[in-house]
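Data block below; observations after.
We count ligands from 1, going down the list as the structure has it; atoms in each ligand are counted the same way.
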Amino acid sequence: MRIDLPIRWKLTVWYSGILTLILFIFSCFVYLYLKQSLEESIDAKIKSIGDVLSSSLADREGMNIFGNFERYLENVLGRKPKGKIIQIMDRSGKIGAKTSDLEQETLPTSLSTLERALRGEVVYETLETVSPRIRTITIPIKEKDRVTSIVQVGTSLEEFDETMRRLFLILVVAIPCLVGLTGMGGFLLARKGLKPVDEIRRAALRISSKNLDERIDVGRRTDELGRLASTFNEMIGRLRDAFNRVNQFSSDVSHELKTPLTIMKGETEVALRKDRTKEEYEALLRSHLEEIDRMTRIVDDLLFLSKVEAREMALNLERVNVREMLLEVCGDMRIFADKKGVELILREVAEVVILGDELKLRRLFSNIIENGLKYTNPGGFVEVSSTTENGNLFVSIRDNGIGIKGEDLKYIFDRFFRADRSRNRETGIGLGLSISKMVAELHGGSISVESEVGKGTVFTVRLPLNP
Ligand code: ADP
């Protein structure tokens, strides 16, 4: 089973664990370093005494020093050797002279030590069986390359053992205390630092689709948590906009479908009030057919948009001659343009072939050109031209029509957006530009717009030449 500790506990556990490890490694290092230094210094001390004695004894060869060994030592070493055992042995290991400032009277010498000393080796040993422990040095004294006698110096390790024991105790007690204290401090800091997270969580719990206007109080925080709360607030803002758009969208769809239904219902009710002639029924049916066509178009457009959004819309890619396609689209629009009294001009269209879905591209361009014609007064013009630049094809559709207000520009690609909702139903339902934008994006392109009220509008469609 996985246990998910709260973050403040996790932080404290990690923090304390790492601290314990660091302190443990550090303590081992201090302990071992001190131990080695002290051992080296003890060995150096007994060696220096042993060296002085062995060279003095070599010089006094044959002289009887054993009579008053202690005075001899004082003379040679310049002081009484405190806390030491010093003994001189002959080749057989028999002690000739000795002095001891310790409880231990003599230094037990093993056979192997004696043998090694007779071979001329200096031997260091620690006598573990005695209490307190004793560190010894055994130095052979040579006369013409022959070992004649052996000097042994021993020193008590009581002080050393006591020092090491105290250090060990200090470390064993100090590490848990330090870890405990810093762990507690770390826990309190983590709790204090993470308190705002809890506030954010509680605020997030309060927010639902019903109160998307509520925000987390960031105060004047600019740290990570302040930024987190701001990001959260921005996300709620975006959610609110999305919710509003969905609500707006549903009411737009209902409205757009309700109008033709209301018309059909009204016409049918009037027709049913009395007997009608065959021509009157035909006219009624024709009017119904128009409304049905209109509803079918709305439903088709919505289906198209939702398929693109659900990424279910596949492009039927083929090589499209842009010039030919634009010529045909303009040809189809010509009757509408003539009827409206607006001149439709096709200029400088580059002879390029792109990979695209021709039907959808036609829809893209006819939506924009039709808009140009719809929103330009009689006597005006709509001009189509194209250029290629940096691997892109740019098709511009310029008109000198009524133009779009600055504040409306950013909404014109939204579904059901119409700058002037009160206008005649025939101008459109506000889905054309959303579809054009989607088609451009499906092809890896985009649409931009520039407009000035009363002067006209330019739509520029960018399509990559090699998508
Ligand atoms: P519609 O079906 O209403 O034309 P569109 O999505 O094609 O819907 O366009 C959205 C809105 O953008 C239009 O209602 C209109 O207000 C504005 N618009 C689009 N093209 C032009 C243009 N060439 N000149 C002025 N306004 C335009």
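Under a 4.0 Å heavy-atom criterion, Gly401 is not in contact with ligand 1. The shell of residues lying under 4.0 angstrom from ligand 1, judged by heavy atoms, includes Thr457. Using a 4.0 Å cutoff on heavy atoms, Glu370 does not count as a contact of ligand 1.
For the pair Arg286/Glu290, no side-chain contact is recorded, criterion being any heavy-atom separation below 4.5 Å from C-beta on.
For Thr460, the side-chain contact (heavy atoms from CB on, under 4.5 Å) partners are Phe394, Ser396, Ser448, Val458, not counting sequence neighbours. Residues that satisfy the side-chain contact (heavy atoms from CB on, under 4.5 Å) test with Arg334, not counting sequence neighbours, are Cys330, Asp338, Leu344.
The side chain of Ile404, and not its backbone, has at least one atom closer than 4.0 Å to an atom of ligand 1 (non-hydrogen atoms only; side chain from C-beta on). Both the backbone and the side chain of Ile412 come within contact range of ligand 1, each with a heavy atom under 4.0 Å. With a heavy-atom cut-off of 4.0 Å, Asp399 touches ligand 1 through its side chain alone.
Arg238 forms no cation-pi arrangement with Phe243, by the criterion of a distance under 6.0 Å to the ring centre and an angle within 45° of the ring axis.
Counting the atoms of ligand 1 from 1 in the order shown, those under 4.0 Å from a heavy atom of Gly432 are 5 (P), 6 (O), 7 (O). Near Phe417, meaning under 4.0 Å from one of its heavy atoms, ligand 1 places the atoms 10 (C), 11 (C), 14 (O). Listed by number with element, the atoms of ligand 1 under 4.0 Å from a non-hydrogen atom of Phe459 are 20 (N), 23 (N). With ligand atoms numbered from 1 in the order given, ligand 1 contributes 1 (P), 2 (O), 3 (O), 6 (O), 8 (O) to contacts under 4.0 Å with heavy atoms of Gly430.
With hydrogens and angles disregarded, a donor-acceptor distance shorter than 3.5 Å links the side chain of Arg227 to the backbone of Thr222. In this structure, Asp357 contributes its side chain and Asn316 its backbone to a donor-acceptor pair below 3.5 Å. Between the side chain of Thr126 and the backbone N or O of Glu128 there is no donor-acceptor pair closer than 3.5 Å.
Residue Arg418 places no N or O, backbone or side chain, under 3.5 Å from any N or O of ligand 1.
Heavy-atom proximity to atom 19 (C) of ligand 1, evaluated over Leu373, Val449, Asn371, Ile368, is greatest for Asn371. Ranked by closest heavy atom to atom 21 (C) of ligand 1, the top entry among Tyr375, Phe413, Tyr411 is Tyr375.
Taking a cutoff of 4.0 Å between a charged side-chain nitrogen and a carboxylate oxygen, Arg415 and Asp252 do not qualify as a salt bridge.
A distance of 4.5 Å separates CG of Asp399 from OG1 of Thr457, quoted to the nearest 0.5 Å.
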